[in-house]
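Pasting a structure here, questions to come.
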Number of protein chains: 2
Amino acid sequence: MSDPTILIVDDEPAIRDMIGITLDLAGFNSMSAETAHQAHVAIVDSRPDLILLDWMLPGGSGIELARRLKRDELTSTLPIIMLTAKTSEDNKVQGLDVGVDDYVTKPFSPRELVARIKAVLRRSNGSTQDKVIRVFDLQLDPSSHRVTIEDNPVDMGPTEFKLLKFFMSHQEKVFSRDHIQDQVWGGNVYLEERTIDVHIRRLRKALSSIEPTSINYARLIQTVRGAGYRFSVKPA
Amino acid sequence: MSDPTILIVDDEPAIRDMIGITLDLAGFNSMSAETAHQAHVAIVDSRPDLILLDWMLPGGSGIELARRLKRDELTSTLPIIMLTAKTSEDNKVQGLDVGVDDYVTKPFSPRELVARIKAVLRRSNGSTQDKVIRVFDLQLDPSSHRVTIEDNPVDMGPTEFKLLKFFMSHQEKVFSRDHIQDQVWGGNVYLEERTIDVHIRRLRKALSSIEPTSINYARLIQTVRGAGYRFSVKPA
DNA sequence: TACTCTTGTCACACCACTGTAATATTATAT
DNA sequence: ATATAATATTACAGTGGTGTGACAAGAGTA
């Protein structure tokens with residue numbers, strides 16, 4: 001659930017930097033490559049979520065790279081957005097023919113670029129099986145973003161929601177604070193370790209806020225001393 | 001209701017042109033795409049009312065595109081008519097299996113094509129598009145473009161109407177601002193994120209303008225902090 | 001042309017949420 | 001039992017997400 005990584009492939013440093021800054025501001029991670037070969041290495045190594053690919057690259061055109069990526073089964077689903085200075089319809093048709101997912105002509109506004117990236121990512125991520133997770137009478141519905149106990153809505157903040165979702169989809173397993181931080185907050189944030197405890201506390205409090213007819217759902221969030229936390233239906 | 005827009009997806013230019021002319025004469029707007037990818041982009045960007053889809057696209061992706069569109073909730077109601085040169089029953093069965101709305105075998109007469117398009121449009125308009133959506137005493141009638149609360153007309157702008165229509169036909173589900181923008185404004189418009197908030201505000205205001213005897217319908221438009229908005233009959 | 005309605009954007013205010021530190025409590029070891 | 005480490009709890013200030021009113025440009029109309 002961490003920020004998507006975008007690979008920028010362009011031979012002009014100025015453009016790479018400009019786009020990089022734009023993407024950073026928009027909350028993406030960005031990396032860049034200068035040549036098609038570099039790009040290929042980076043793709044295999046770092047598995048970015050999307051590629052911004054310049055149409056004209058020295059030594060092996062961008063379109064050739066796009067074609068290769070779309071042909072290879074391992075990378076064929078990797079979304080590609082083509083960048084080009086040309087505006088003729090021919091290129092557009094040809095580029096889309098290769099299987100490119102979208103197409104942005106230079107010069108473009110940062111806003112447009114970000115919007116198209118988000119749109120493409122949404123399309124490729126689309127229809128993720130957001131199944132309702134249920135434990136006894138505790139329900140978490142990702143699509144409606146609701147938590148209910150015996151059909152009473154439970155109020156909690158976004159972080160507690162993500163935390164609970166993570167726990168409910170990984171039950172009966174202990175996670176260290178570091179691990180929880182990676183999964184819930186994402187890889188590139190530094191948190192004080194105790195911060196996790198506070199959010200655990202808030203989550204437990206939220207789960208206790210509904211007076212339950214049977215069990216106290218806060219008990220499902222179990223402390224494992226020296227190891228971390230665990231979501232479990234069995235008593236500690 | 002302006003003229004319906006038909007998207008023609010076929011790899012042969014001659015056929016695209018022929019159909020395009022036919023449709024123009026019949027009073028439709030037409031646009032065309034050569035590949036499944038182009039088609040997908042065009043669908044997201046321009047939201048056509050019906051798709052004429054060639055069975056055999058290079059890469060055999062015609063049926064694949066149909067399947068994808070029918071699988072995605074947001075495009076699943078988009079009517080599709082399959083075009084094919086083959087006459088075998090097998091294909092027919094397979095095509096309808098995917099959920100395609102009708103099926104025309106080449107060669108076909110322009111008159112037949114137009115007749116089938118009208119038939120499918122009539123069917124889909126009648127059933128999904130123009131059906132009155134009702135939640136308690138809040139009614140939205142797409143065909144007359146009116147919203148009423150307890151039979152009192154509610155005054156709102158076109159954008160708020162589209163927004164409400166989208167929400168009422170996708171209840172109990174959270175949509176991010178980006179998502180709402182895609183669905184209500186279309187794919188190739190770039191808005192400031194906060195603009196959505198303002199329209200939400202206007203919609204809520206409109207829904208509150210009628211003094212309700214029972215509930216305040218503005219409450220159905222719920223804010224989900226950090227996630228987006230949701231139309232829900234359950235309390236937040 | 002002048003007028004109205006609609007639309008997108010901005011600026012400001014507000015408050016829920018977040019992260020941290022400080023303190024209290026509990027569990028384990030000696 | 002006491003000390004010590006680990007966790008629970010509380011309080012608080014800063015931040016960021018959202019609500020809201022105002023405004024100017026555009027679309028449509030008389």
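Reminder, nothing fancy here: chain letters follow the sequence lines and each chain counts from 1.
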Sorted by chain and number, sequence neighbours left out, side-chain contact (heavy atoms from CB on, under 4.5 Å) with A:A115 holds for B:Y190
Residues at least two apart in sequence or cross-chain that pass side-chain contact (heavy atoms from CB on, under 4.5 Å) with B:N152, listed by chain then number, are B:E150, B:I210
When B:T195 and B:M156 are each assigned the nearest nucleotide of DNA chain C, the 5'-most assignment goes to B:M156
Protein-nucleotides 10-13 of chain D N/O pairs closer than 3.5 Å?
residue: D:dT10; atom: OP2; partner: A:R201; partner atom: NH2; Å: 2.0

Under the rule for salt bridge (Lys or Arg N to Asp or Glu O under 4.0 Å), what residues qualify as partners of B:R134, not counting sequence neighbours?
B:D137
Counting the atoms with a prime plus P, OP1 and OP2 as sugar-phosphate, which does B:E160 contact under 4.0 Å by heavy atoms, base, sugar-phosphate, or nothing?
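The answer is sugar-phosphate, as B:E160 gets under 4.0 Å only of primed atoms, P, OP1 or OP2.
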Given atom CZ of B:R219 and atom P of D:dG19, what is their separation to the nearest angstrom?
14 Å
State which residues pass salt bridge (Lys or Arg N to Asp or Glu O under 4.0 Å) with B:E192; sequence neighbours excluded, sorted by chain then number.
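Testing B:E192 for salt bridge (Lys or Arg N to Asp or Glu O under 4.0 Å), a comparison that skips the adjacent residues, returns A:R111.
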Going 5' to 3' along DNA chain C, between which two nucleotides do contacts with chain B fall, using a heavy-atom cut-off of 4.0 Å?
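Contact span on the strand: C:dT6 to C:dC17.
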Checking A:R230 now: which residues fulfil salt bridge (Lys or Arg N to Asp or Glu O under 4.0 Å) with it, not counting sequence neighbours?
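Salt bridge (Lys or Arg N to Asp or Glu O under 4.0 Å) list for A:R230, sorted by chain: empty.
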Once side-chain contact (heavy atoms from CB on, under 4.5 Å) is applied, do any residues pair with A:D17, and if so which ones, sequence neighbours excluded?
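With sequence neighbours excluded, A:D17 shows a side-chain contact (heavy atoms from CB on, under 4.5 Å) to no residue whatsoever.
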Between protein and nucleotides 28-30 of chain D, what N or O pairs are separated by less than 3.5 Å?
none

Would you indicate what B:T159 reaches in the nucleic acid, counting non-hydrogen atoms under 4.0 angstrom: base, sugar-phosphate, or nothing?
sugar-phosphate
Looking at every strand, decide which applies to B:I200 at a 4.0 Å heavy-atom threshold: base, sugar-phosphate, or nothing.
nothing
Applying side-chain contact (heavy atoms from CB on, under 4.5 Å), name anything that partners A:F166, two or more places apart in sequence or on another chain.
A:H170, A:F175, A:H179, A:I180, A:Q183, A:V184
B:A39 backbone acceptor or donor facing B:E34 side chain under 3.5 Å
no
When you compare the side chains of A:D151 and A:T148, does any donor N or O come within less than 3.5 Å of an acceptor on the partner?
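Per modelled atom types, A:D151 and A:T148 side chains form no pair under 3.5 Å.
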B:R204 side-chain N/O to B:I221 backbone N/O, donor-acceptor pair under 3.5 Å
yes
Polar atoms only, N or O, under 3.5 Å: list the protein pairs with nucleotides 16-18 of chain D and their distances.
residue: D:dT18; atom: OP1; partner: B:G226; partner atom: N; Å: 2.9
residue: D:dT18; atom: OP2; partner: B:R177; partner atom: NH1; Å: 3.0
residue: D:dT18; atom: OP2; partner: B:R177; partner atom: NH2; Å: 3.2
residue: D:dT18; atom: O5'; partner: B:R177; partner atom: NH2; Å: 3.4
residue: D:dT18; atom: O4; partner: B:R194; partner atom: NH1; Å: 3.4

Polar side-chain atom of A:D10 near backbone of A:I15 as donor-acceptor pair, under 3.5 Å
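Not a single qualifying donor-acceptor pair exists.
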Give a yes or no answer on whether the side chain of A:Q181 reaches the backbone of A:V189 with a donor-acceptor pair at less than 3.5 Å.
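Yes; at least one donor-acceptor contact below 3.5 Å.
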By salt bridge (Lys or Arg N to Asp or Glu O under 4.0 Å), B:D197 pairs with (sequence neighbours left out) B:R177, B:R194
